[in-house]
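Presented below is the structure to which this report refers.
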Number of protein chains: 4
Amino acid sequence: MPVTASFLSDNAAGVSPEILDAIAGANAGSASAYGADPLTESLTARLADFFEHPVACFLVGTGTAANALSLATLCPPWGAVYCHAEAHVTIDECGAPELFTGGAKLVTLAGAHGKLTVDALQRAQAGFRLGDQHQVQPSAVSLSQATECGTVYQAEEIAEIAGWAHGAGIKVHMDGARFANAVVSTGASPADLTWRAGVDILSFGATKNGALAAEAVIVFDAALGRELPFRRKRVGHLFSKSRYFAAQFHAYLDDNLWRRNAAQANGMATRLADGLGALDGVTLAHPVEANELFPGMPDGLAATLRDAGFLFLDWPAAGDGGRRLVTSPMTTEVEVDAFLAAARRYQSAAAGKSASGADQAS
Amino acid sequence: MPVTASFLSDNAAGVSPEILDAIAGANAGSASAYGADPLTESLTARLADFFEHPVACFLVGTGTAANALSLATLCPPWGAVYCHAEAHVTIDECGAPELFTGGAKLVTLAGAHGKLTVDALQRAQAGFRLGDQHQVQPSAVSLSQATECGTVYQAEEIAEIAGWAHGAGIKVHMDGARFANAVVSTGASPADLTWRAGVDILSFGATKNGALAAEAVIVFDAALGRELPFRRKRVGHLFSKSRYFAAQFHAYLDDNLWRRNAAQANGMATRLADGLGALDGVTLAHPVEANELFPGMPDGLAATLRDAGFLFLDWPAAGDGGRRLVTSPMTTEVEVDAFLAAARRYQSAAAGKSASGADQAS
Amino acid sequence: MPVTASFLSDNAAGVSPEILDAIAGANAGSASAYGADPLTESLTARLADFFEHPVACFLVGTGTAANALSLATLCPPWGAVYCHAEAHVTIDECGAPELFTGGAKLVTLAGAHGKLTVDALQRAQAGFRLGDQHQVQPSAVSLSQATECGTVYQAEEIAEIAGWAHGAGIKVHMDGARFANAVVSTGASPADLTWRAGVDILSFGATKNGALAAEAVIVFDAALGRELPFRRKRVGHLFSKSRYFAAQFHAYLDDNLWRRNAAQANGMATRLADGLGALDGVTLAHPVEANELFPGMPDGLAATLRDAGFLFLDWPAAGDGGRRLVTSPMTTEVEVDAFLAAARRYQSAAAGKSASGADQAS
Amino acid sequence: MPVTASFLSDNAAGVSPEILDAIAGANAGSASAYGADPLTESLTARLADFFEHPVACFLVGTGTAANALSLATLCPPWGAVYCHAEAHVTIDECGAPELFTGGAKLVTLAGAHGKLTVDALQRAQAGFRLGDQHQVQPSAVSLSQATECGTVYQAEEIAEIAGWAHGAGIKVHMDGARFANAVVSTGASPADLTWRAGVDILSFGATKNGALAAEAVIVFDAALGRELPFRRKRVGHLFSKSRYFAAQFHAYLDDNLWRRNAAQANGMATRLADGLGALDGVTLAHPVEANELFPGMPDGLAATLRDAGFLFLDWPAAGDGGRRLVTSPMTTEVEVDAFLAAARRYQSAAAGKSASGADQAS
């Protein structure tokens with residue numbers, strides 16, 4: 001059956017034409033390998049503009065690599081990393097942070113809608129004996145922005161967490177696989193959501209927002225990044241033909257492609273949420289603040305939508321009948337409206353059946 | 001100064017148009033992420049055809065990742081890997097094999113022209129106390145094909161080494177970053193140079209031969225590859241948009257692009273070697289059997305060539321005045337001939353000076 | 001101030017004279033190093049008798065080493081280990097299991113009185129996507145016997161957990177730092193509490209029960225232990241003068257020293273518990289089934305006892321006013337009774353004050 | 001057959017009575033665990049006296065642990081350690097340094113009689129591209145004192161190597177498994193052979209010189225040791241009953257037991273060397289400067305000595321007919337003289353046979 005629309009993931013979507021063009025455009029002549037090419041070398045200055053702050057930038061191939069390298073930079077082998085219980089770093093990276101750090105421990109915390117709170121952090125911290133050689137030592141906190149529940153941290157929420165963390169000698173990592181979605185959602189600037197709020201290191205992802213494979217570790221304090229060239233190389237993420245990866249980021253920043261793409265994805269998620277929210281029996285497990293939504297749906301509705309060619313995942317973590325829908329820059333209004341129409345048809349039919357059943361019963 | 005021609009490395013070269021086209025062609029619609037897309041799924045069968053043997057195929061982003069994952073597959077944390085003293089795995093990967101294996105030891109062996117011999121392996125093996133808990137245990141041998149000296153192993157040389165290795169309970173890895181160059185050079189088939197000769201696992205590289213970033217771990221015995229999905233994910237080399245990486249390999253295999261590219265690179269290296277060999281005072285440290293050459297050149301000649309816009313590396317390992325020139329699929333006869341012409345002009349001028357010096361002296 | 005009695009830990013206690021004598025007795029002449037001495041070699045047969053089953057035995061220096069080596073034996077680098085949230089392996093080993101396994105993840109589960117249940121394990125297991133390369137894979141469950149809360153698993157409880165685990169392809173480790181205490185407490189045999197109930201590997205500790213430094217990894221299935229000689233050596237736990245470590249275990253088994261020591265420790269804990277239980281305002285957070293007790297005590301009482309020379313730890317995990325008292329083979333009735341008498345005096349005095357306060361109020 | 005004398009290894013020897021007495025003497029009452037006991041706490045000051053310098057001291061169970069922890073302290077995961085090709089750290093520790101460092105590389109260098117030279121180090125260093133992210137970075141040099149060939153470094157030799165190393169940003173580790181033997185041999189002080197000569201960290205071993213299991217990492221710069229408590233714990237080398245390990249070192253320092261023991265071992269080695277040197281057909285592969293000797297012996301002589309109950313190892317690294325004899329504090333003149341007498345008897349008999357053969361031939 002043909003796919004009518006895929007809401008499986010933003011990384012199931014294709015690549016923005018601007019980014020494909022940039023890759024092709026990078027192909028003229030030879031260029032020094034391993035990042036000593038003009039596109040890679042000029043990227044740092046562009047990112048410094050983007051973040052309004054000097055940065056060091058380390059291109060890597062995947063978000064998992066960016067996250068695990070970031071945590072290894074912040075956390076010794078005997079360190080602990082606080083993260084949300086649903087965080088990608090602990091759920092979906094097959095132990096990459098543990099490997100890259102040399103065996104650090106991820107300490108998972110509960111929190112509504114995928115978000116950490118200072119309160120949860122303080123309680124966890126109270127459970128550690130600081131400085132005691134018998135225990136791993138809390139060294140980093142990792143925030144996902146946007147979160148795995150499709151919510152976002154406001155700048156002041158980040159600042160509050162980072163303030164507490166720094167006071168406790170703990171560094172702050174942000175998993176920004178969906179960073180652009182969070183910027184668009186909050187209306188804050190990239191600077192506001194990162195170093196100004198106290199973020200020490202950022203996994204800056206573009207792949208989920210229209211790139212082919214473009215991820216970067218962004219370090220806001222040069223000293224922190226000193227070991228990263230070696231760490232990156234020894235996990236095999238120093239690409240020889242770096243120019244094609246840098247080119248993706250250049251195109252991503254050109255004419256605010258990052259913002260346009262994220263706005264499209266977020267807007268389509270909101271449109272889906274609005275439509276689904278109007279249906280009886282469909283509830284949303286989390287506020288829809290970025291490009292993911294987690295509706296509870298009766299199995300019949302889900303099956304009908306799938307039969308109609310719509311792809312999405314079951315998501316038990318979002319409760320009974322939980323599903324996950326992810327929109328992307330390529331998601332269109334036509335797709336969303338077709339999905340909603342199909343859902344409405346099912347509900348009407350179900351209501352009719354139920355009504356006729358009620359008739360029969362009366 | 002404009003670059004007249006770069007012989008810095010084959011990964012300084014651009015990407016073949018066929019491969020860029022394939023990337024663009026993979027961009028239609030959505031596709032399941034993480035390798036569950038049709039391009040990735042169909043690649044295994046194509047590679048099985050290519051190798052005339054069932055294979056498991058694990059796409060990764062770099063040759064370093066492919067090598068280190070391969071060695072981790074063959075070698076326990078307390079294992080030892082035999083490799084040549086100039087092998088990429090020990091010289092140029094910043095300890096990736098040590099990290100991925102969990103701390104195995106690379107045992108480096110000397111050997112003429114970058115090649116291991118059974119004799120050297122036997123002598124090294126005699127230095128180990130097999131089964132003794134105090135010592136790491138020889139578990140793998142890693143061959144570079146083509147070698148870091150621009151030479152190649154013939155199928156029977158591989159078979160001899162692999163025969164010895166298997167007899168000693170040792171597995172065989174081939175670092176095929178320049179595998180296509182070796183196939184073209186030897187005239188043997190991909191099968192002849194791998195499983196038929198006893199290779200257990202291959203790092204199959206296309207990046208140096210015209211791809212953007214296309215490397216794969218090829219496993220010839222399915223059982224060996226069982227842990228690779230987890231190993232790959234936890235080093236961050238499972239790409240979400242896998243289709244764009246698989247597409248590169250499809251294009252690489254289509255119409256024998258791999259062979260045409262390698263033939264071009266090898267041919268240009270031979271042309272360079274023939275030309276340089278005819279010059280007084282230029283000697284080649286190693287036979288030129290693939291796409292690298294290591295001429296010993298007077299400093300004056302090297303400086304003159306660089307002034308003329310030719311790029312290449314000094315290479316002390318190739319002896320006094322050693323340099324490294326690498327050709328690529330993008331290297332042209334025009335570039336090679338320009339290089340040789342410049343070299344000849346320098347030699348004539350130098351001979352003239354020397355002659356006129358002789359005149360004056362007389 | 002002189003120590004009247006230490007209830008800090010069973011490893012604050014001294015060494016049984018029989019064990020010191022055995023160490024001295026092992027000192028005659030020379031003996032092959034690294035375990036090739038008669039005392040080490042004969043120990044395996046004695047342990048096989050003790051456990052009524054063939055075993056492989058690997059002496060190590062600490063319980064942390066025994067636990068982390070055991071888990072590394074059961075669990076690949078991308079594995080997960082289920083353990084109780086208060087388990088020594090996750091709380092008190094500074095990441096040794098993570099290091100020795102190469103980065104596995106410890107998944108902590110709640111459970112009353114320090115004990116895991118099949119129910120908790122099943123719920124945790126349901127949260128994993130088995131076989132999915134994105135996730136670490138549940139590979140082992142670690143039970144502490146006796147637990148960190150001073151309780152014990154009955155043989156049938158272990159069998160139930162191990163049965164579930166084996167059904168799920170998960171191996172079972174027992175942290176037996178206080179194994180003798182559990183044997184004495186349950187009345188079951190060493191065999192009943194280990195292999196007969198499905199335990200695959202045991203950290204068999206004697207140090208907390210009267211030895212100087214005697215810990216062993218006991219493997220009930222020889223195939224499982226094949227890699228342990230190398231694993232042990234490379235964490236520096238193969239002792240050159242192994243005979244002095246083996247001698248401790250011989251003495252531990254001779255004349256049931258292990259049982260006599262554990263019975264003394266357990267008996268003193270029961271005596272303490274009985275005495276404290278009779279006091280108003282003192283509650284026990286957990287049943288006292290081995291040699292630890294966790295009374296909730298008013299701060300005034302705790303301070304008074306400490307002033308009187310009794311040592312014990314505050315233990316916030318046991319609730320408000322929580323304390324931990326550990327008895328050892330060296331704990332005497334005189335010490336226990338002195339402690340209880342001091343506690344009673346304080347309570348009487350407090351009651352008097354309170355009564356007189358009541359008087360004044362009336 | 002009864003053992004007449006074992007020259008297998010100094011760790012095949014027993015424990016000095018003074019040390020056994022000290023262990024027994026440490027057994028009074030309870031003591032805080034994990035090093036917070038008076039014996040462990042007072043040891044630091046005694047070692048500071050011994051070394052005439054403030055030190056931090058970390059007791060561990062084995063020399064392998066001390067070495068690997070020391071190297072992990074000096075060398076990042078992407079570092080390289082220079083050591084002699086026969087060094088214990090690379091030959092006999094099953095990869096412990098690789099594991100503890102997180103994957104650093106040991107670079108082995110040749111050198112006469114087991115000793116590194118500045119010349120060899122400089123040549124190795126020239127082979128590295130310093131600061132280049134593709135390569136592991138030289139970070140430490142490890143010297144064995146006494147060496148694995150039974151030779152010693154004089155203070156000025158150490159100073160020369162350490163001077164070069166520090167100039168290159170490289171730290172200096174000394175594997176002092178036989179440190180006392182080197183002190184006695186050189187006549188230099190412990191200070192002269194360590195910090196005064198530029199050693200940054202020392203594995204200070206007593207086990208081979210009469211202790212039961214007493215090894216320590218000695219750090220001469222407190223800042224260097226800051227991470228060691230965590231590193232030690234997470235390899236399972238923080239002993240709960242630390243007092244019995246500290247007690248061994250106290251006894252070792254009391255009344256210069258360390259010196260008396262080493263003098264006995266060294267003296268017996270010299271006596272053996274003198275006697276063997278007088279025999280035809282026996283050559284010593286290395287100068288005998290500590291307590292090991294490496295005679296080349298005809299197989300017939302070796303067999304005869306073994307038949308007579310003398311134990312020693314074949315040692316192919318010492319050349320044709322190479323054997324290794326190690327003396328210990330327990331080695332007696334009676335044992336040495338019996339060995340030499342047996343050797344002389346064999347030589348006389350052989351000479352007789354040869355002479356009579358010559359007679360017959362004439």
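Within every chain, numbering begins at 1; the chains are lettered A, B, ... in the order of the sequence lines, protein sequences first and strands thereafter.
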(message) Please classify the contact of Y244(A) with chain B as side chain, backbone, both or neither, using a heavy-atom distance under 4.5 Å.
(response) side chain
(message) Please find the pair of heavy atoms, one from S142(A) and one from V81(A), that lie closest to each other, and give the distance.
(response) CB-CG1, 4.1 Å
(message) Can a side-chain donor-acceptor contact be found between E335(B) and T331(B) if the only test is distance below 3.5 angstrom?
(response) no
(message) Looking at chain B, which one of G95(A), A31(A), A33(A) has the largest number of heavy-atom pairs inside 4.5 Å, strictly under?
(response) A31(A)
(message) Taking ring pair (Phe, Tyr, Trp, His ring centres under 6.0 Å) as the criterion, tell me which of F58(A), F245(A), Y34(A) meets it with F239(A).
(response) F245(A)
(request) Go through the atoms of R243(B) and report whether side chain, backbone, both or neither lie under 4.5 Å from a heavy atom of chain A. (result) side chain
(message) Please classify the contact between D92(B) and chain A as side chain, backbone, both or neither, with a heavy-atom cut-off of under 4.5 Å.
(response) backbone
(message) At a 4.5 Å cut-off on heavy atoms, which part of A213(B) comes close to chain A: side chain, backbone, both, or neither?
(response) side chain
(request) Would you kindly check if the NZ (Lys) or CZ (Arg) of R306(B) is within the cone defined by 45 degrees around the ring axis of F312(B) and under 6.0 Å from the six-membered ring centre? (result) yes
(request) Would you mind checking which part of T207(B) comes under 4.5 Å of any heavy atom in chain A, side chain (CB onward), backbone (N, CA, C, O), both or neither? (result) both
(message) Looking only at heavy atoms and a cut-off of under 4.5 Å, which of K233(A), E93(A), E98(A), K208(A) has the most pairs with chain B?
(response) K233(A)
(request) Tell me, for L212(B) versus chain A, whether the close heavy atoms (under 4.5 Å) come from the side chain, the backbone, both or neither. (result) both
(request) Select one option (side chain, backbone, both, neither) describing which atoms of L20(A) are under 4.5 Å from chain B's heavy atoms. (result) side chain
(request) Answer with side chain, backbone, both or neither: which region of S240(A) has an atom nearer than 4.5 Å to a non-hydrogen atom of chain B? (result) both
(request) Count the heavy-atom pairs under 4.5 Å between each of S242(A), A24(A), G236(A), A68(A) and chain B, then report the option with the highest count. (result) G236(A)
(request) Please report the shortest heavy-atom distance between V15(A) and M330(A), naming the atom on each side. (result) C-CE, 3.6 Å
(message) Show the nearest heavy-atom pair for residues A290(A) and A146(A), with the distance to one decimal.
(response) CB-CB, 3.7 Å
(request) Check the side chains of T108(A) and T90(A) for a donor-acceptor pair under 3.5 angstrom, ignoring hydrogens and angles. (result) no
(request) Applying side-chain hydrogen bond (donor to acceptor under 3.5 Å, both in side chains), run through S42(A) and H250(A) and close with a yes or a no. (result) CA-CA 9 Å; S42(A) 63; H250(A) 281 288; 3.3 Å; yes
(request) Sort L8(B) into side chain, backbone, both or neither according to what part of it lies under 4.5 angstrom from a heavy atom of chain A. (result) side chain
(request) Against chain A, label A211(B) side chain, backbone, both or neither, depending on which of its atoms sit under 4.5 Å from a heavy atom there. (result) backbone
(message) What part of L238(B) gets within 4.5 angstrom of chain A, counting heavy atoms only: side chain, backbone, both, or neither?
(response) backbone
(message) Going by side chain to side chain donor-acceptor pair (under 3.5 Å), R178(A) matches just one of N209(A), N266(A), D10(A). Which one?
(response) D10(A)
